[in-house]
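Down below is the structure, laid out as structure tokens.
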Amino acid sequence: MSERIPILDNLNEPQKQAVTNVKGPALILAGAGSGKTKALTHRIAYMISQGVQPWQILAVTFTNKAAGEMKERIKNLLTITQDDYAVVGEAGAGRIPVMGTFHSICARILRRDIDKLGRDRSFVIYDADDQDKLMKEVLKEMRIDEKDLKPKAALGYVGRFKCEAISPKDAMSQATTPRMQNVILAYASYQTALKKANALDFDDLILEAVRLFTEVPEILDRYQETWRFLHVDEYQDTNHAQYLFISMLAQKYRNLCVIGDPDQSIYAFRGADIRNILEFEEEYPDALRIKLEQNYRSTQIVLNAANAVIKANPNRPDKEMWSARKDGPRIIVHEVRDEKVEAEEAVLAAENLKKEGIPYNEQVIIYRTNAQSRLFEEACMRRGVPYRIIGGVKFYARREVKDVLAYLRVILNTADTLSLLRILNVPARKIGQTTIGHMQAFASQNRLSLWQTLQRVEEIEALNEGVAARIQSFTALIGKYQKLAEAVPVAQWTLGLLDDIAMEKWLKEDGTEEGEERWGNVQELISVMHKYDALDPHSSLMSFLEEVTLVSEVDKLSDIKDDALTLMTLHLCKGLEFEHVMIGGCEEGIFPHSNSLYDREQLEEERRLMYVGMTRAKTHLRLLLTRSRMLYGTVTSNAPSRFLSDLPDDVTEKRSDELLSAFAWATESGVKRATDKHIEPFRQREVEADFNQDITFDEMNQDGPTLDKGTRVRHKVFGDGTITAKRGDVVTIQFDNGKRKDFALSIAPLQVIG
DNA sequence: CGTCAAGCCCTTTTT
DNA sequence: GGGCTTGACG
């Protein structure tokens, strides 16, 4: 260790407090850009310099990337050499604390001891895709029509139960409606199915760890003794199960330091419970409370704007960020004709700042929904701007990648029927749906797993010799690689496997560019595998599979070195910072999202999302909105986002591409072009209202008849139709002539018809 | 058994 | 607008 440790240099007063008070409970309220990571890394380094053993420290981060960066920084602070570096999860092994996400930490704990709960240690982890498939099966078996209860909806409930740590049994007592009873029955069968497949889903990782702690107190005790100093970052985004996990660990020594910002709580939809942070002090009355309010990231102008937006939320802690960076450009609020222009303008703005010396790496386009990414991507391609999209169709969720992963999973764990079904006929080997049906029937008759059935395929009378032979050669193939998997690291034998199944040929068969790309993805997967070459063969396979399910998209940002513009959702941008931030689609119905418009709490969360997005900006902040946009196949006009109206005039600069262009689509639809009307920026829905001014539909503009789904209406231009969807003021009408369009009820010239 | 086209549905955010 | 499922046909 170095002689002079600069651990307390360059810290402000509250940061120093956070760093040096290492014992007992502590709550650090750390606003955006307040040097939170710095405080945390210095705190940990300080502890170590004071004689705390590194392996006694646990830090839970929100992403693996954050964990990696923190380790790096701590290493630098302590001038630890590469040799001392421990891999995450090797508790007690190294001179770097254990750091990782709740999920990765719990997965490690379970890999070691889940057999104490009567389960197998080589479990696989199911991602959202797998969950969906499994739930589909479950519902099918229960003979519940997908239309009555969609797998996604069922999983939504299940997820909420799990976040609250409510078992199917506990849930049953809450079921009041038949529908809920079905949901809970589905929850129970889903759990059984997971267990049968020797699989855990994301939520199970936390829950089973908690269960392990509860049912085997010695194990809890072991971890309590190991990890005596606990840290949780982004505490505002923890759910109840995670709360239980960390509380149990903290019980003994009470050295729990949580860091968070209630204003940045944006994961309520996955069970994050903001009360965890708000009630921390009630639970630990002796907790040290530290507020970090100085922002080192943004200009005061950016902060003024962000503060103004977040202030409109009730019940938030009293805090206001400030910055020493007083000067800076105003925030540009740019209104354009439609989403194409929006994308074009955003990319153009990035190019211009690049010319002024801000690299693309320091610039980002963020948006509310993944669906918005495509246009920005296309604009980048058109203009030749290098870009990368984070999120969206995730690499590990791609078909060909999941296919290869399914082979590896089956080889590790033949109980994983879902994966087995996936690869049985991929690449095509003439084992079709009929054959699979016969085998499944045989399996359930004889209480066998699908894999066991495969071994006894010659006993199934319904199958002819040809098909039986093909199945046998498939099981022989899997058998061959099961043996190899015990002998050599994963990358090595996977190459042989791909060769045996002629994966390259299968993917490139259609001769398209897409095929080439798919094969490229498979090769990329192999290159990730090489990271596990040094481990023993069995752990090499297991660790690899674990990594690919638990890495988040943001984790991969750090590996990329080229200068490229980043595109991502608002949720993914948390914790990041850029010189230039552009937020697209600042329109009602987009952001805030239409599903959130009529729910107070959800609206508050949307607002926090806006706050998070804005506070990513160091210097340049640009908010984009359109007057009209193609959405789900129809043209819509949305009012400007309510968040924009909270921006103080003196920090914004409003821009608008000009005039009349909003009428272009009307011309295209053969409607007479309006020429005499000036469109002011921020006035919406002119389009629908204007060309029907000769009609009066007074009854429609009052609260009058409720226009719900199914109501028959008449439109002067488009004729008769039926309302097929309603989102607040906006209805979608399916016209009898086949056209479908969205209208704003308060303005649209509609008439209810018999 | 595999392919293709038409129709269906959806359409928030993620470890 | 697009991804996915379903159904008809080769």
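Since the model is a prediction, treat every value here as computed from it, not as a measurement. Keep in mind that the numbers below use all heavy atoms, side chains included, and drop hydrogens, waters and symmetry copies. Residue numbers begin at 1 in each chain, while the letters A, B, ... track the order of the sequences.
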Exercise. Taking CD1 from A/Ile583 and C1' from B/dT12, how many angstroms apart are they, rounded to a whole number?
Worked result: 16 Å

For this session: For the residue pair A/Phe213 and A/Phe245, categorise the inter-ring angle as parallel (less than 30°), tilted (30 to 60°) or perpendicular (more than 60°).
Result: parallel

Exercise. Heavy atoms, side chains only, cut-off 4.5 Å: are A/Phe544 and A/Lys531 in contact?
Worked result: no

For this session: Could you tell me whether A/Arg627 and A/Glu587 have a side-chain N and a carboxylate O separated by less than 4.0 Å?
Result: no

For this session: Pick the C1' atom in C/dT5 and in B/dT12, then give their distance to the nearest Å.
Result: 23 Å

Exercise. Taking the side chain of A/Thr434 as its heavy atoms from C-beta onward, which of B/dT12, C/dG1, B/dC1 lies nearest to it?
Worked result: B/dC1

Exercise. Less than 6.0 Å separating the ring centroids of A/Phe161 and A/Tyr187?
Worked result: yes

Exercise. To the nearest angstrom, how far is A/Asp132 atom CG from C/dG3 atom C1'?
Worked result: 13 Å

For this session: Take atom CG of A/Leu631 and atom C1' of B/dC10, then tell me their distance rounded to the nearest Å.
Result: 12 Å

Between the protein and nucleotides 13-15 of chain B, list the N/O to N/O atom pairs that are separated by less than 3.5 angstrom.
residue, atom, partner, partner atom, Å
B/dT13, OP1, A/Asn370, N, 2.8
B/dT13, OP1, A/Asn370, ND2, 3.0
B/dT13, O4', A/Arg368, NH1, 3.2
B/dT13, O2, A/Arg368, NH2, 3.2
B/dT13, O2, A/His571, NE2, 3.3
B/dT14, OP1, A/Thr569, OG1, 3.1
B/dT14, OP2, A/Asn370, ND2, 3.4
B/dT15, O2, A/His103, NE2, 3.1

Under 3.5 Å, N/O pairs linking protein and nucleotides 2-6 of chain B:
residue, atom, partner, partner atom, Å
B/dG2, OP1, A/Asn425, ND2, 3.4
B/dG2, OP2, A/Asn425, ND2, 3.4

Problem set entry | Whole angstrom value for the distance that separates C1' of B/dT12 from CG of A/Leu597 | 12 Å

Problem set entry | cation_pi(A/Arg270, A/Tyr267) dist<6.0 Å, angle<=45 | yes

For this session: Select base, sugar-phosphate, or nothing to describe what A/Arg374 touches, counting heavy atoms under 4.0 Å on all strands.
Result: sugar-phosphate

For this session: For the pair A/Asp403 and A/Arg398, find out whether any cationic side-chain nitrogen is under 4.0 Å from an anionic carboxylate oxygen.
Result: no

Exercise. Starting at CZ of A/Arg629 and ending at P of B/dT11, how long is that distance when rounded to a whole Å?
Worked result: 18 Å

Problem set entry | Ionic contact status for A/Lys36 with A/Asp261, cut-off 4.0 Å | no

For this session: Could you check whether A/Lys152 gets within reach of a base, just the sugar-phosphate, or nothing at all, counting any heavy atom under 4.0 Å?
Result: nothing

Exercise. Within a radius of less than 6.0 Å around CZ of A/Phe376, do more than 12 heavy atoms belonging to other residues, nucleotides or ligands occur?
Worked result: yes

Exercise. Counting heavy atoms not belonging to A/Lys340, are there more than 12 under 6.0 Å from its NZ?
Worked result: no

Problem set entry | A/Glu378 CD to C/dG1 C1', straight-line distance once rounded to whole Å | 11 Å

